[in-house]
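Data block below; observations after.
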Amino acid sequence: MAIAITLNEYLDKEHVHFEHVGHRRTQTSLDSSRSAHLPAARVSKAVVLQNDDGEYLMASLPANKRVSLPEVDNLMGKNYHLVSERKLQDLFPDCVKGAIPAIGRAYHMPMLVDDSLLSAEPVYIESGDHENLLKLNASEYAKLVSKAPHGNIQGANMGAPRLWERSSRDRWL
């Protein structure tokens, strides 16, 4: 599978142009960015959340960042938590586990977009498998997320800190 059927149909309906970017098989969006030799700040990952009322929300943020739940709660005015892996398979049946495209509207799910992605050129999203990303120019991406609320929802960096980020006593900053 190069692109999830639901996503492909949605992008066709919206007349969105994109390019496929193949890479070796990976397990995370951060690994996909590394494998494809792309800046992780331009690779959008989807984090699916649910609030206490049972409503879902897809947070879209750079692959090298964790989502800040307090920021999401503050922006949305409700308390959110991560959705289980089992529930994700139900919500995204045409996607491989862990390769959810960061386009909520394709799956009838509201989105919250990190501000940094709105100024990225281009933006890459998961295609629904672990071997392909989709490259969208900034105007195409902006069209897809134009109705989504946005804000700074980034938490801590993903991955191991670099040596220069450590203090002299070998503690992580």
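Numbering starts at 1 and runs along the sequence shown.
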Task: Lys/Arg-Asp/Glu bridge criterion (N-O < 4.0 Å) met for K78, D52 - done: no

Open item on the list: Pair H17, N137 - check side chain to side chain contact (heavy atoms under 4.5 Å, CB included), show working.
Closed with: CA-CA 8 Å; H17 303 285; N137 68 36; over 6 Å; no

Task: Exercise: identify the closest heavy-atom pair between A40 and N64 - done: CB-CB, 3.6 Å

Open item on the list: Less than 4.5 Å apart, side chain to side chain, heavy atoms only: is that true for L133 and I125?
Closed with: no

Task: L144 side chain reached by L11 side chain, heavy atoms, under 4.5 Å - done: yes

- [ ] With the side chain counted from C-beta on, respond yes when Y141 and S146 share a heavy-atom pair under 4.5 Å apart, and no when they do not.
- [x] no

- [ ] Taking the side chain as every heavy atom from C-beta outward, state whether L91 and Q89 have any atom pair closer than 4.5 Å.
- [x] no

Open item on the list: Could you check whether N132 and Y124, counting side-chain N and O atoms only, form a donor-acceptor pair closer than 3.5 Å?
Closed with: no

Task: Minimum heavy-atom distance A148-M111, with the two atoms named - done: CB-O, 3.6 Å

Open item on the list: I want to check something: taking the side chain as every heavy atom from C-beta on, are K45 and L61 in contact at a cut-off of under 4.5 Å?
Closed with: yes

- [ ] Before giving the answer on side chain to side chain contact (heavy atoms under 4.5 Å, CB included), spell out for L134 and H20 the whole-Å C-alpha distance, their side-chain angles and the decisive distance to 0.1 Å.
- [x] CA-CA 5 Å; L134 303 182; H20 285 271; 3.7 Å; yes

Task: Least distance between heavy atoms, A106 atom then T6 atom - done: O-CG2, 3.2 Å

Task: Beyond-backbone contact of L136 with P122, side-chain heavy atoms, under 4.5 angstrom - done: no

- [ ] For the residue pair V47 and V83, establish whether any side-chain heavy-atom pair is separated by less than 4.5 Å.
- [x] no

Open item on the list: Measuring only between side-chain heavy atoms, which start at C-beta, is L30 closer than 4.5 Å to S33?
Closed with: yes

Task: Under 3.5 Å: donor-acceptor pair, side chain of D115, backbone of G151 - done: yes

Open item on the list: Under a 3.5 Å distance rule, please check whether S60 uses its side chain to pair with a backbone N or O of S44 as donor and acceptor.
Closed with: no

Open item on the list: Please report the interatomic distance CG(N51) to CG(L57), rounded to the nearest 0.5 Å.
Closed with: 8.0 Å

- [ ] Of all the heavy-atom pairs spanning E121 and A138, show the shortest one and how long it is.
- [x] OE1-CB, 2.6 Å

- [ ] Using a cut-off of 6.0 Å, state whether more than 12 heavy atoms not belonging to H23 lie near its atom NE2.
- [x] yes

TODO: Please test V48 against Y80 for side chain to side chain contact (heavy atoms under 4.5 Å, CB included), starting from the C-alpha separation and ending with a verdict.
DONE: CA-CA 10 Å; V48 181; Y80 284 88; over 6 Å; no

Task: Nearest-0.5 Å distance, CE of residue M109 to CD of residue E55 - done: 11.5 Å

- [ ] For the residue pair S68 and Q154, confirm or rule out a side-chain donor-acceptor distance under 3.5 Å.
- [x] no

- [ ] Work out which heavy atom in D114 is nearest to a heavy atom in I153; give both atom names and the distance.
- [x] OD1-N, 2.8 Å

Task: Under 3.5 Å: donor-acceptor pair, side chain of H81, backbone of Q50 - done: yes

- [ ] Evaluate the criterion side chain to side chain contact (heavy atoms under 4.5 Å, CB included) for residue pair R105 and K147; output intermediate values, then yes/no.
- [x] CA-CA 10 Å; R105 291 179 66 195; K147 295 181 179 160; 4.3 Å; yes

Open item on the list: Quick check against the 3.5 Å criterion: does H130 have a side-chain atom that pairs as donor or acceptor with the backbone of K97?
Closed with: yes

TODO: Could you tell me which non-hydrogen atom of D94 sits nearest to which non-hydrogen atom of I5, and how far apart they are?
DONE: OD2-N, 3.3 Å

- [ ] Kindly say whether I100 contributes a backbone atom to a donor-acceptor pair with the side chain of E126 at under 3.5 angstrom?
- [x] no

